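Structure record follows, encoded as structure tokens.
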Amino acid sequence: MPVLPSVCPLDCPDACGLLLGVEGNKVVSCKGDPDHPFTRGFLCGKMGRFPEHLNSPERLTQPLRRTGPKGTAQFEPISWDEAIGTIVERFQAIIAENGAEAILPYSYAGTMGLVQRNSGHAFFHRLGASRLKRTICATTADVGWTMTLGETMGSDIEAMVDADLILIWGMNVASTHIHLLPFLKEARKKGAQVIQVDCYKNRTSAVADRVVLIPPGTDTALALGVMHVLIREDHIDHAFIEAHTEGYGALKEKVLRDYAPEQVEALTGIAASTVTELGRAYGAARAPFIRVGNGPNRQWDGAMIYRTLACLPGLTGAFAKKGGGIHASSNTGQALPLALVTREDLEPHPTREINMIELGQALLDRKDPPIRALYVYHANPAAVAPESEKVLQGLLRPDLFTVVHEQVLTDTARYADVVLPATAAPEHADLYRSYGHFYIQRAYPVAPPPGEAKSNLEVFCLLAKSFGFAEPHFQKTADDLIEELLAQKTPLLEGSDRPALTAGRPVRLNVGDNPPLRFGRFQTASGRLMFENPALAERGYPTLPEYRPRVKDAAEQAYPLRLLANPGHHLLNSTFGGADETERREGPHRILIAEADAAARHIVNGQPVHAFNALGEAFFEACVTADVPAGVVIVEGVRWQSRVPGGKNVNHLTAGKGTLLAGGSTFNDNYVEVAPKEAKKVHLGDCQLCAESLQ
Ligand SMILES: Nc1nc2c(c(=O)[nH]1)N[C@H]1C(S)=C(S)[C@@H](COP(=O)(O)OP(=O)(O)OC[C@H]3O[C@@H](n4cnc5c(=O)[nH]c(N)nc54)[C@H](O)[C@@H]3O)O[C@H]1N2
Ligand SMILES: Nc1nc2c(c(=O)[nH]1)N[C@H]1C(S)=C(S)[C@@H](COP(=O)(O)OP(=O)(O)OC[C@H]3O[C@@H](n4cnc5c(=O)[nH]c(N)nc54)[C@H](O)[C@@H]3O)O[C@H]1N2
Ligand code: SF4
Ligand SMILES: [Mo]
């Protein structure tokens, strides 16, 4: 059986190298590439079952046209000619009536391949459609990081094995970044201490020596308390500060004045002793490494959290130590600039921008012009976008023309007027860059698409042709675009192993031994890490790191419990959500609640409950657990609406409000109340799945 290399296309920092076994025309096995330095020969359970997904009878194989009411998933097959003809006709009518801005593309991260993921931009720019502001994931973290470090890359994640202290900060690595686990293990074997900073105990807690639980969104205060200890006890690298940073004097004054451990305790409730211990541990470490995930970036002032954390290795000089530093993202976008794929230059005039987290509101309320057509590809907003109630109402609008290009009939596809069948990664070509490590990899198709499925790029080329767009760009194949990307003369591509790339092997970008200081300076205008960033004043934002407590608004007062809507272990966002096996593994739709909060509400383990707030409600089974602190409730997993009780997933409870400055998603910054759904009582410990999931 031929075994061919490929890459995992999912939105996961690991971007694994795959080895696909192909029999006849089918991918029949999927294994981790043992020669990929980050994959190291194993995969997560999700992708271990990839062949099941690829060969599933649920795969869409033909274009479909809606025959029943929206949302009821009643369709009839049509030809590609009819499908494209219908889309062009409807788009043209809408453009004639309301202008091209009445058309909104909506895409995110079904595939992370650089070409397929970004292939719609050129078409929609050329059309003059509204732009989608893509803020649902890590925008806030990026904005915060940039405030301190500009476009600086993250520290070398593989060098973490040489760290002597590792902080896993707001990242559930045992679910979301599992290929870090061997590196953690190796570092621990060599004596490193691992401390997890999170808001509840989860799978990752099992690999930590110490778990520090903090109230959601208080990270900035904790980090400032750590800084206070570092400065007061002089765990500071003065030479590094002199050579590579600016604004230390102002930071020092503020931190010594406002953020003693006792002050942090008064601000947040985090014990002063915890702050002091963490500060001393960080200060005493030779090479401390911080791996910060995306949890805190979904808090209202999440940007400040990343900005503040990025200052810590600047104070101790950990940036210059082997194994030390900080990694929020590899931040290697500069390696393969995407402008030649996204082609903003084709826009006839600047068009309006719609923030994707406001999709529901935008579908219901935008008037300037209204959104008349929605084209969704490699995304499932009916499940993943906040404020589901509004999103679903918007999708029901009779005057909205919706196209969904998908592999399976997702929640969103059920509302489409036209559904187009999509290829999966092993069926199309692409080039992958990871946001969690420093390798890039090219992938070739290894199997034919099922039925008539087409790739994103192929469909946009067809649409461009039907619209009569004459630009040669719209005749390019994925391979053409990959070659063009790889031909760019960027410093990070320089010297890369071309034959290996051509052979579909993983190739390390030219990031050197110490990526943050790869060019001898940080990637800010001054080349220095900015403890103080004067430009922020113009945007009404503090120029120095500062903790500002989240104040509840009037509508939130009635809802005491802070909800964190985290990813699921067996899902990848909502991908695989339609599969019975995924559902079986994820178990019942659960909400994790502290013992005291459950008792106060007469809720027992395993009991059906509903959670609600001003936005809506959703139904769960209560998992009463000591792993969640009082005042916090957790839902793991973005289930398909069509597959949970009452047809309502957790995003019926999350707001489409943006974070400060970044306008990013706030999935972890919502308040709810939880109440028993019915009087049925189940005894503590009955919920077997709860017990298993926390092992
Ligand atoms: N299995 C699986 N893997 C995935 C995904 C998936 O859905 N399933 N999704 C992928 C995608 S798109 C992304 S963006 C990443 C996300 O994965 P991560 O980067 O790990 O981010 P989250 O899981 O959202 O949150 C991580 C942790 O942060 C905690 N947290 C929340 N708020 C705060 C806070 O204010 N402070 C602190 N200190 N901690 C907080 C949460 O409790 C959670 O344990 O994972 C990717 N990998
Ligand atoms: N409550 C809550 N909501 C969340 C999150 C959370 O933690 N909690 N996480 C948020 C985050 S971090 C993110 S990144 C978003 C992700 O949200 P999305 O980007 O919408 O990701 P998925 O839900 O995985 O949906 C991707 C879809 O793309 C399809 N697909 C895969 N490959 C292709 C392809 O090549 N072509 C086409 N046309 N389709 C393809 C898949 O079948 C899948 O249905 O969700 C966000 N929503
Ligand atoms: S989802 Fe992540 S861990 Fe799983 S195979 Fe893909 S890249 Fe690797
Ligand atoms: Mo994400």
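Here the structure is a predicted model, which is why all the values come from computation and not from measurement. Each residue takes its place number in the sequence, starting with 1. Indexing begins at 1, ligand by ligand and atom by atom, following the structure's order.
- Distances from atom 25 (O) of ligand 1 to the heavy atoms of Ala109, Cys44, Ser205, Gly295 put Gly295 nearest.
- Within the 4.0 Å heavy-atom criterion, both parts of Asp11, backbone and side chain, lie near ligand 1.
- Per-residue contacts place Gly293 under 4.0 angstrom from the following atoms of ligand 1 (heavy atoms of the residue considered): 19 (O).
- Taking the six-membered ring for Trp and thresholds of 30 and 60 degrees, His53 and Phe50 have nearly parallel ring planes, at less than 30 degrees apart.
- There is a side-chain donor-acceptor pair under 3.5 Å between Gln196 and Ser205.
- Remark: ligand 1 atoms within the under-4.0 Å shell around heavy atoms of Cys199 are 33 (C), 34 (C), 36 (N), 37 (C), 39 (N), 40 (C).
- Residue-to-ligand polar distances keep Ile214 apart from ligand 1: every N/O pair is separated by 3.5 Å or more.
- Under the 3.5 Å distance criterion, the side-chain polar atoms of Ser155 are matched with a main-chain donor or acceptor of Ile326.
- For atom 45 (O) of ligand 2, the closest non-hydrogen atom on the protein side is Val384 CB, 3.4 Å.
- Any N or O atom pair closer than 3.5 Å counts here, and His570 shares no such pair with ligand 1.
- Closest to atom 37 (C) of ligand 1 by heavy atom, among Ile168, Leu564, Asp219, Thr176, is Asp219.
- Remark: ligand 1 atoms within the under-4.0 Å shell around heavy atoms of Arg298 are 14 (S), 24 (O).
- Near His569, the atoms of ligand 1 lying under 4.0 angstrom from a non-hydrogen atom of the residue are 1 (N).
- The distance from ligand 1 to the heavy atoms of Val197 drops below 4.0 Å at these ligand atoms: 38 (N).
- Remark: ligand 1 atoms within the under-4.0 Å shell around heavy atoms of Asn202 are 44 (O).
- Stacking of Arg117 on the aromatic ring of Tyr108 is recorded, both the 6.0 Å distance cut-off and the 45° axial limit being met.
- Taking the ring axis of Phe619 as reference, the NZ or CZ atom of Lys648 does not stay both within 45° of it and closer than 6.0 Å to the ring centre.
- Scanning the protein heavy atoms around atom 44 (O) of ligand 2, the nearest turns out to be Glu406 OE2, 2.5 Å.
- Residue-to-ligand polar distances keep Cys12 apart from ligand 1: every N/O pair is separated by 3.5 Å or more.
- The aromatic rings of Tyr559 and Phe612 stand perpendicular to each other, their planes meeting at an angle above 60°, with 30° marking the opposite boundary.
- The nearest protein atom to atom 7 (O) of ligand 2, hydrogens excluded, is given as Ala565 O, 3.2 Å; this is a heavy-atom distance.
- For atom 28 (O) of ligand 2, the choice among Lys454, Met112, His378, Gln407 with the nearest heavy atom turns out to be His378.
- Classified by interplanar angle (parallel below 30°, tilted 30° to 60°, perpendicular above 60°), the ring pair Phe460/Phe123 is tilted.
- In this structure, Lys46 is part of the shell of residues with a heavy atom less than 4.0 angstrom from ligand 1.
- Using a 4.0 angstrom heavy-atom cutoff, Thr654 does not count as in contact with ligand 2.
- The closest non-hydrogen atom to atom 8 (N) of ligand 1, taken over Leu572, Leu571, Val173, comes from Leu571.
- For ligand 1, the atoms sitting less than 4.0 Å from at least one non-hydrogen atom of Gln299 are 32 (N), 33 (C), 34 (C), 35 (O), numbered in the order shown with element in parentheses.
- Closest to atom 23 (O) of ligand 1, if we only count protein heavy atoms, is Pro567 CD, 3.0 Å.
- Using a 4.0 Å cut-off to heavy atoms of Pro216, the atoms of ligand 1 that qualify are 35 (O).
- With atom 38 (N) of ligand 2 as the reference point, the heavy atom nearest to it among His405, His53, His652 is part of His405.
- In this view, Glu427 and Arg59 satisfy the side-chain hydrogen bond (donor to acceptor under 3.5 Å, both in side chains) rule, not counting sequence neighbours.
- Taking distance alone, with nitrogen or oxygen atoms compared against 3.5 Å, Gly568 approaches ligand 1 more closely than that limit.
- Close approach to Asn456 involves these atoms of ligand 2, each under 4.0 Å from a residue heavy atom: 34 (C), 36 (N), 37 (C), 38 (N).
- Look at Gln116 and you'll find every heavy atom at least 4.0 Å from all atoms of ligand 2.
- The shortest N/O to N/O separation between Tyr200 and ligand 1 does not fall below 3.5 Å.
- Cation-pi geometry between Lys454 and Trp80 is met: under 6.0 angstrom from the ring centre, within 45 degrees of the axis.
- Note on ligand 2: Arg117 sits outside its first shell, no heavy atom being nearer than 4.0 Å.
- The closest non-hydrogen atom to atom 13 (C) of ligand 1, taken over Trp169, Tyr435, Trp300, comes from Tyr435.
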